[in-house]
Amino acid sequence: MNRELREFRRLERVCLEQAALSTMDLARSGLLKVADDCRLAAEAIESQPVHRGAIGLAVEALRLVLTVARPPRRH
């Protein structure tokens, strides 16, 4: 889980940096939303107990994937 936590934190940081550089409101808004989703996923990982069974890990991973992964919007 430590690797996943680091990756979500890294993605959050990258999105925040790119949002700060963005000149388009829509792009900035989208990047901030993704950064927020990454932060929430990292916080969920941090709040989990260290020792869990295989089923608990699978359920948590599925929950994170369904919560964080969203299809891209095209306008």
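- Under the 4.0 Å criterion applied to side-chain N and carboxylate O atoms, Arg39 and Glu43 are assigned as salt-bridge partners.
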Return a table of donor-acceptor pairs under 3.5 angstrom between the side chains of residues 12-19 and protein atoms on other chains or two or more places apart.
residue: Glu12; atom: OE1; partner: Arg9; partner atom: NH1; Å: 3.1

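- Distance check, rounded to the nearest 0.5 Å: CG of Leu40 to CD1 of Ile45 gives 11.5 Å.
- The heavy-atom pair separating Cys38 from Phe8 by the smallest distance is CB-O, 3.5 Å.
- Not counting sequence neighbours, the partners of Ser22 by the side chain to side chain contact (heavy atoms under 4.5 Å, CB included) test are Met24, Ala27, Arg28.
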